[in-house]
Amino acid sequence: KLQFLYFIGEEVLCSMWKAAITAGSACTGAVAYWEWKKRQVKTYDAAIIGGGIVGLSIARELSARGVSVVLLEKEADLLTGASSGNSGLGCTGYDAAPGTLERRLLRRSTVLHQNLYRKMGLSYDYVNKCGALMVAWDGEQEKILSSIIEESHEAGDTENQILTKSELMAAEPNLAQSVVSGISVPRENIVEPFMVAVAHAASALLHGAVIEVNFCVNSVEKHAQLYKITSSSGHQVSSTSIINCAGLYGDTIESLRSPGQELRITPRKGEFAVLSHPSSTFELEHIIQPPPAKVGKGVQIWQSLYGNIIVGPTAEDQFGPDAKTNRTTNPTTIETLIETAKERIPSLESARLVGSYSGLRPASNRKDYAIEKHGTWITVAGIRSTGLSAATGIGEYVANLFLNTPQPIDAKVEPPYMPAIPTEHKQSPRAPNLEELAHSFCTRGDGKVDAFGSSWTVTHPISKFGLESKCAKYAKATSC
């Protein structure tokens, strides 16, 4: 109970205490308050700033290794920043720049995911290993397929192969006849982006990590070997080290370490259109992607685990005072995405627009991930759009940095790529399947779901739209 009280934040706890006194339970309220107060002065081994998928993965990995961890999130809920606007696609890193830390950690995550997801209680309800088809729509795009194949084989995805037009159409009959040729990418996958991240949070708590929400870091002071971290509301946490996983605000937090540091985060907005499933006979079997664009993978089309069709993202750097908060979508952009989807997959002509969303990715002025150790401060920034896919590998890598046990990154991916998970990692309870999750969401009616013994606010639009569509079907089925 006390861990839960600590988890829900200072303001909520104080209001509960006052309410208890008002109701005549002053003794109970005072005991809860002073127990919480005692915990307030605890010094942690690591304070992680940022409650996105990357920060949660690091918290889970460190706590599983016996490190005392507190994770600080400025919002009232976890997963409200970049992690609430990603694509929900799991990529293997075959098209990431050769030699980069990003590629190595994406590859390492592919090695780790299968067993780790099981340890975190996730079933195949939450992962669709459908693979992707990279489709060339004209002769210019076709010219670069051979170099992409070479790079993907070099990365380790030796199953990737060039497909002729007829082979493409046989693999994905929904494609337009204008396809020229393409590449099969069997290891790309679709995940439930919200629940995969929640599983990391639940596993971190299971291993003893403490999560504080409503903790907006305002200042960091270092006295001798100890950091004192103060929130904007005056609450303080002490830690012997700090791990900056603040995502879009990574440069702001980094400036608390070194005011003259050169890291700069430039938010990159990606807009998505969400379409309804067009018919009972329609099934999109693969992720449909174009050859890589100058920035990112370009506009992709896929079917979410809930059955909705997702189209996107765009990629546009944001500037100005609201660059890190403006997640509006442009109607013209969304209409263009819809037209692109229907042009490439004619069966989507009857699909209606369910909604749209945008994500802000923390791109930086580095060409690679900015993961660096500065004494007792570790910077984890510039993860851009691959955080969901690479979080597990990042967690392991940062934990090794923290514990001063650097190891070569074993990123060789070979079937069945199921390495043993250390036995000290505890098994999470089983996550509800999608139908159970939808039932929880629809029954509660407050935007939350019950999972892993707690309730969680659904922050990802793909999950929200998908769960809402389930609610609409339930309501229709039970109406007179």
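Nothing fancy with the numbering, it's 1 onward along the sequence. Fair warning: this is a prediction, and the values are worked out from it, not measured in the lab.
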Minimum heavy-atom distance between Gly88 and Leu388, given as atom pair plus value: CA-CD2, 3.7 Å

What I want to check is whether the side chains of Ser279 and Thr281 have a donor and an acceptor closer together than 3.5 Å. yes

Is the Lys NZ or Arg CZ of Lys324 less than 6.0 Å from the centre of Tyr249's six-membered ring, within 45° of the axis? yes

Should the pair Phe272 and Trp302 be assigned to parallel (<30°), tilted (30 to 60°) or perpendicular (>60°) ring geometry? perpendicular

Keeping the roles fixed (side chain from Ser109, backbone from Gly393), state whether a donor-acceptor pair exists under 3.5 Å. yes

Kindly indicate whether the side chain of Leu122, heavy atoms from C-beta on, has any atom under 4.5 Å from the side chain of Arg118. no

dist Asn160:CG -> Glu150:CD (nearest 0.5 Å) comes out at 13.0 Å

Gln300 vs Ile288, test: side-chain contact (heavy atoms from CB on, under 4.5 Å). Steps then yes/no. CA-CA 6 Å; Gln300 304 181 75; Ile288 307 303; over 6 Å; no

Close side-chain approach of Lys165 to Gln177, heavy-atom, < 4.5 Å: yes

Would you mind reporting whether His200 and Thr392 have side-chain heavy atoms less than 4.5 Å apart? yes

Pair Thr386, Tyr369: side-chain N/O donor-acceptor within cut-off below 3.5 Å: yes

Has the side chain of Ser203 got a donor or acceptor atom that lies under 3.5 Å from a matching backbone atom of Ala199? no

What's the verdict on side-chain contact (heavy atoms from CB on, under 4.5 Å) for Leu62 and Ile243, showing C-alpha distance, side-chain angles and the deciding distance? CA-CA 11 Å; Leu62 283 175; Ile243 302 175; 3.6 Å; yes

Basic-acidic side-chain contact under 4.0 Å: Lys74, Glu212: no

Stepwise side chain to side chain donor-acceptor pair (under 3.5 Å) check, Thr457 with Asp77: CA-CA 7 Å; Thr457 300; Asp77 294 297; 3.0 Å; yes

Just so I know, are the side chains of Trp137 and Val180 near enough to count as touching, which here means a heavy-atom distance under 4.5 Å? no

Inspect the contact between Glu468 and Lys464 and indicate whether a charged nitrogen and a carboxylate oxygen are less than 4.0 angstrom apart. no

Tell me if the CD atom of Glu316 is crowded by more than 12 foreign heavy atoms within 6.0 Å. no

Classify the side-chain pair His460/Asn86 by whether it contains a donor and acceptor separated by less than 3.5 Å. yes

What are the two closest non-hydrogen atoms of Tyr357 and Gly85, and how far apart are they? CE1-O, 3.8 Å

Side-chain donor or acceptor of Arg352 paired with backbone N/O of Ser276 under 3.5 Å: no

Report the distance from atom CZ of Phe402 to atom NZ of Lys373, rounding to the nearest 0.5 Å. 7.5 Å

Worked verdict on Thr379 versus Glu254 for side chain to side chain donor-acceptor pair (under 3.5 Å): CA-CA 7 Å; Thr379 305; Glu254 200 65 13; 2.5 Å; yes

Glu271 side chain to Thr314 main-chain N or O, any donor-acceptor pair under 3.5 Å? no

Whether Ser83 side chain and Gly52 backbone form a donor-acceptor pair below 3.5 Å: no

Between Arg264 and Asp251, does at least one N-O distance fall below 4.0 Å, as a salt bridge requires? no

For the residue pair Leu133 and Val185, establish whether any side-chain heavy-atom pair is separated by less than 4.5 Å. no

What distance do Cys130 atom SG and Glu188 atom CD have between them, rounded to the nearest 0.5 Å? 9.0 Å

Has Ser184 got a side-chain atom pairing as donor or acceptor with Pro186's backbone, closer than 3.5 angstrom? no

Hey, are the side chains of Glu396 and Arg65 touching, using non-hydrogen atoms and a 4.5 Å cut-off? yes

Can you see which heavy atom on Ala399 is nearest to which on Glu61, and at what distance? CB-CG, 3.5 Å

List the steps, then state whether side chain to side chain donor-acceptor pair (under 3.5 Å) holds for Ser463 with Tyr306. CA-CA 8 Å; Ser463 306; Tyr306 297 97; 4.6 Å; no

Hey, is the main chain of Ile190 close enough, under 3.5 Å, to the side chain of Asn128 for a donor-acceptor pair? no

Output the distance between atom CD1 (Ile371) and atom CD (Glu102), rounded to the nearest 0.5 Å. 9.5 Å

Flag, side chain of Asp157 to backbone of Ser152, donor-acceptor distance under 3.5 Å: no

Enter the distance from Gln114:CD to Lys119:NZ here, rounded to the nearest 0.5 Å. 14.5 Å

Gap between atom CZ of Arg444 and atom CG of Asp450 - 0.5 Å precision: 4.5 Å

Side-chain donor or acceptor of Glu192 paired with backbone N/O of Ser304 under 3.5 Å: no

For Asn433, is there any backbone N or O sitting under 3.5 Å from a side-chain donor or acceptor partner on Glu436? yes

